[in-house]
Colleague: 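There's a structure below that I have some questions on.
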Number of protein chains: 2
Amino acid sequence: MEGHPMDSVCDCSQCELRKAFFDSFSDEDLGDICRNKTEFPFLRGETIFREGDLIRYFSYLKSGLVKLFKTDPAGKDQIITIAGPYDFVSLLGVFSDTHQSYSVSVLEDAVLCCIDIERMREIALRNARFSMNLMERMGAVSNKIIREGLEIRKRNTHGKVAYILLKFCKDIYGECIFDLPVSRREIAENIGMTTENVIRTLSELRKEKVIRINGKEIEVVDPAALERISNYG
Amino acid sequence: MEGHPMDSVCDCSQCELRKAFFDSFSDEDLGDICRNKTEFPFLRGETIFREGDLIRYFSYLKSGLVKLFKTDPAGKDQIITIAGPYDFVSLLGVFSDTHQSYSVSVLEDAVLCCIDIERMREIALRNARFSMNLMERMGAVSNKIIREGLEIRKRNTHGKVAYILLKFCKDIYGECIFDLPVSRREIAENIGMTTENVIRTLSELRKEKVIRINGKEIEVVDPAALERISNYG
DNA sequence: GAAGACCTATGACATTTATCATAATATGAC
DNA sequence: GTCATATTATGATAAATGTCATAGGTCTTC
């Protein structure tokens, strides 16, 4: 894990993600976690951890945007998913596996909240409601990744590109106009097609006046048409 | 849930899956579960539950083979995965969702062990080690599904077919000769290609003397070649 | 500011995959 | 057993997708 711990000015009792993870905590446990957590700020392009690294922390994203990916023997990356604050938390292997099974790197400056894995385990073992919350939270993340994989698998190239554009505009940014946080190649690595065809498909959507393109900036001009393409293709 | 409860002759303390789920149980909790579980036998072709059904049980497969799938508005099925005893257990939504998010039906006669969801929750809430075991177990299943999805996504048709044949021979049956528990169409629904191309690809593998086909019976004659095709394609 | 690396873009072409048609075989219902 | 239906199979063709080549633009590094 790169990055340098930042002064932990954060008060866990005020954390907006508290409800998702620590709602069941006693003041004591919350104080314990709060004093023992470390926040790591990361800049765009930095790698948080790599496939195969030892798991030392339970971690969740407080802010920013990351990509989860695997690298094959030939050095080609395959992106598992792109995730924001509520979508990225150590997946379920965190208590059973010893090593990371994928890499995570930063697409938009991020803050990661990290809790020593042993301390986390210890608390989980004496607070069953917390274990349950954790299970629900991590389960939701896993399920989302599984569902997304199925949606991508069943679409053709146009459908795939439309699907991921809609993910950016609906799930990630909540706006029809946004700056793509990834390259065309990374989109290709995410949805399983070639970079050239991603570029070509984007150009076609532009020619059909469904989107407007200005470098990294994308504007979804005709969301209904994009939905149709996503659902049909 | 169809099927009729069978006489519960099973003694949980002897259950071969016990270690996976109930290792941390006190004799008391184990007895409690054992007395309150219900075993449902299912025949090939039967549906265990459908997407959208109310979740009433925590369930895991004791024996047999099942498929997890989703049905789209047009009525087309998409198979999420094919799972045996250690690979199928209520996924992580079981404590947070109220309804099933996919359907499960039976490929090979199966026995499902079911525990009332409320009782399960209650035990999980007072036995944190059990919650932890559960989390690990369910996490392993989720992770396996995610990984499988990625492997399928990155392969071309030959690689996909080779991949799933290897799954049958290595993971499911542990033998190079086996009866396919699914139709060619179901294979297509699993790996995201057309039925015709699954059939064609199988025929090609036969012509290349990598496999032998006799109806549902498949023999992997040249496992090394099949591995190469799976890894290259 | 020059060089190199990467990103975006597009065209031409080859290959892969899907679609449509047809038929033999197998399976299930009555 | 027979009829209806689904499955397996194969070929012909169309459509989609990948590969290769080229080029201008952008960004980083020295």
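Convention: sequence-line order gives letters A, B, ...; per-chain numbering from 1. Owing to the predicted nature of the structure, the values given are computational and were not obtained by experimental measurement.
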Colleague: Output the rounded distance in Å from CD1 (B/Ile152) to P (C/dT17).
Modeller: 15 Å

Colleague: Does B/Lys167 use its side chain to pair, donor to acceptor, with the backbone of B/Ile82 at less than 3.5 Å?
Modeller: yes

Colleague: Starting at atom CD1 of B/Ile213, determine the distance to atom P of C/dT25, rounded to an integer number of angstrom.
Modeller: 17 Å

Colleague: Round to a whole Å and report the spacing from NZ of A/Lys76 to C1' of C/dC6.
Modeller: 15 Å

Colleague: So that I can compare with my own list, what are the stems of DNA chain C, taken as at least three consecutive Watson-Crick or G-U pairs with distances under 3.5 Å?
Modeller: C:1-30 with D:1-30

Colleague: Is the terminal nitrogen or CZ of B/Lys67 (NZ for Lys, CZ for Arg) located under 6.0 angstrom from the six-membered ring centre of B/Phe69 and within 45° of that ring's axis?
Modeller: yes

Colleague: Whole angstroms only, please: what is the CG-P distance between A/Asp179 and C/dT8?
Modeller: 12 Å

Colleague: For B/Ile79 and B/Glu186, work out which heavy atoms get closest and say how close.
Modeller: CD1-O, 3.4 Å

Colleague: Using whole Å, report how far CG of B/Asn156 lies from C1' of C/dA14.
Modeller: 15 Å

Colleague: With a 4.0 Å heavy-atom cut-off, tell me which residues in residues 181-205 of chain A come close to DNA chain C, sorted by residue number.
Modeller: A/Ser183, A/Arg184, A/Arg185, A/Glu196, A/Ile199, A/Arg200, A/Ser203

Colleague: Write down the distance between CG (A/Leu180) and P (C/dC7), rounded to a whole number of angstrom.
Modeller: 14 Å

Colleague: Do you see a donor-acceptor pair shorter than 3.5 Å between the side chains of A/Glu51 and A/His99?
Modeller: no

Colleague: Using 30° and 60° as the class boundaries, would you call the ring planes of B/Tyr173 and B/Phe178 parallel, tilted or perpendicular?
Modeller: parallel

Colleague: Any sub-3.5 Å donor-acceptor pair from A/Asn231's side-chain atoms to A/Glu227's backbone N or O?
Modeller: yes

Colleague: In whole Å, I'd like the distance from the CD atom of B/Glu217 to the C1' atom of C/dT25.
Modeller: 17 Å

Colleague: Any idea how B/Phe49 and B/Tyr102 line up, ring-wise: parallel (<30°), tilted (30 to 60°), or perpendicular (>60°)?
Modeller: tilted

Colleague: Quickly work out the B/His158 NE2 to C/dA18 P distance and round it to whole Å.
Modeller: 12 Å

Colleague: Given D/dT7, C/dT17, C/dC7, identify the nucleotide with an atom nearest to the side chain of A/Lys216.
Modeller: C/dC7

Colleague: Yes or no on side chain to side chain donor-acceptor pair (under 3.5 Å) for B/Asn197 and B/Thr157, after CA distance, side-chain angles and deciding distance?
Modeller: CA-CA 8 Å; B/Asn197 275 332; B/Thr157 53; over 6 Å; no

